[in-house]
Amino acid sequence: MFENLSERLEKSFKLLKGESKITELNIAETLKDIRRALLDADVNYKTAKTFTETVKQKAMGQNVLNAVKPGEMMVKLVHDELAVLMGGTSTDINLKGSPSIILIAGLQGSGKTTFTGKLANLLKTKRSKNPLLVAGDVYRPAAINQLQVLGEQIGTTVYTEEGCKDPVKLAKDGIAVAKKGAHDVVIIDTAGRLAIDEQMMEEISAVKKAVNPDEILFVVDSMTGQDAVNTAKEFNDRLDFDGVVLTKLDGDTRGGAALSIRSVVDKPIKFVGTGEKMEALDVFHPNRMADRILG
Ligand code: GDP
């Protein structure tokens, strides 16, 4: 479906690019196509309508019909509005707490633990922070071990408690240890499951309530298409998270998920994962994502 958004936009533009003389009718048809493509990518009706109306107004205002390269001008207008739709500018995470508490949520396999390591690495190397990681995926020894390996790799403390099955206690203890150890950021990894289930949601809600995070980031695999959108909605309904992390953008996905998720949950995408290495994390830039969606 997301490949579709790009392909369909491309098709709409082909119409314009191929025309030697562009008419108001061509533009109207292209905009109608774009609106349909947006609706099919889960952008809500009102947003899609405003989107096409804005592009139309700008096209008229800039006198696209008489431009030397009208097709290119339309593509640029659509590109810029797509970037606006995805938030316009980058949105930072809240690091004002002392320590700042960041809770990481998402399904198993979404890239949560990897992102926890990447974020710590970024905060350490680029923002001079001293993070402490809490290995809160208490049900999977492999996940705890994975975080410990990552922590060693990036030179960051990982807090664990042998045999502890209580994520609330673990999070609270981790924060206490961070305070004593002069850590200014605590990043709490949490247990994910393969699909949303009630126990997971209750548990993470309990952690949220107990530690009152400065930032809750929801991690989602960009390759999972429509599931990514549905999962984002369910997590947001329960957790009211602050931002989204879109992982695995190094794959061949075109990034339509960014647009759909933003539209459905109305929360900013803050980071994108672009590989398995600890350095493969970028701040989300709506402009670059618009480039990618338009191909
Ligand atoms: P978790 O179960 O949500 O904690 O997921 P993991 O962090 O264990 O990640 C699941 C798999 O996805 C691992 O093999 C990671 O190396 C891989 N992974 C995570 N983020 C990315 C990414 O941005 N790009 C790619 N290609 N792989 C990733």
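The model shown is predicted, which means the values in this text are computed figures rather than measured ones. In each ligand, atom 1 is the first atom listed, and ligand 1 is the first ligand listed.
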Could Arg238 and Glu198 be called an ion pair, given the rule that one side-chain N must be under 4.0 Å from one carboxylate O?
yes
Starting from atom 5 (O) of ligand 1, find the nearest protein heavy-atom neighbour and note its residue, name and distance.
Gly111 N, 3.1 Å
Structural part of Asp137 in contact with ligand 1, heavy atom criterion under 4.0 angstrom
neither
Measuring from non-hydrogen atoms of Gly106 to any atom of ligand 1, is the shortest distance under 4.0 Å?
no
If I take atom CD1 from residue Ile154 and atom CG from residue Leu123, how far apart are they, to the nearest 0.5 angstrom?
9.5 Å
Could you tell me whether Arg36 and Asp40 make a salt bridge, using a distance below 4.0 angstrom between a side-chain N and a carboxylate O?
no
Should the proximity of Thr274 to ligand 1, defined as any heavy atom under 4.0 Å, be assigned to the side chain, the backbone, both, or neither?
backbone
How far is atom 2 (O) of ligand 1 from the closest protein heavy atom, and which atom is that?
Gly109 N, 2.7 Å
Got the closest protein heavy atom to atom 15 (C) of ligand 1, with its distance?
Thr114 OG1, 3.6 Å
Among Gln146, Lys112, Arg140, whose heavy atom sits nearest atom 8 (O) of ligand 1?
Gln146
Measuring from the heavy atoms of Leu107, does anything fall under 4.0 Å of ligand 1?
yes
Step by step, would you call Lys267 with Asp242 a side-chain contact (heavy atoms from CB on, under 4.5 Å)?
CA-CA 6 Å; Lys267 295 284 169 70; Asp242 302 290; 6.0 Å; no
Is Gly275 near ligand 1, meaning one of its heavy atoms is under 4.0 Å from it?
yes
For the residue pair Tyr139 and Glu203, confirm or rule out a side-chain donor-acceptor distance under 3.5 Å.
yes
Got a donor-acceptor contact below 3.5 angstrom from the Asp184 side chain to the Ser100 backbone?
no
Ligand 1 contact by Ser110, heavy-atom criterion under 4.0 angstrom
yes
How far is atom 27 (N) of ligand 1 from its nearest protein heavy atom, and which residue and atom is that?
Glu276 CG, 3.4 Å
What verdict does the side-chain contact (heavy atoms from CB on, under 4.5 Å) test give for Ile93 and Lys270, after you've listed the backbone C-alpha separation in whole Å, the side-chain angles of each residue and the deciding distance to 0.1 Å?
CA-CA 7 Å; Ile93 51 173; Lys270 297 196 172 178; 3.8 Å; yes
Value rounded to 0.5 Å, distance of NZ in Lys118 from CE in Met278
6.5 Å
Does Arg193 approach ligand 1 within less than 4.0 angstrom via side chain, backbone, both or neither, non-hydrogen atoms only?
neither
Considering only the protein, which heavy-atom contact is closest to atom 24 (N) of ligand 1, and what is its distance?
Asp250 OD1, 2.8 Å
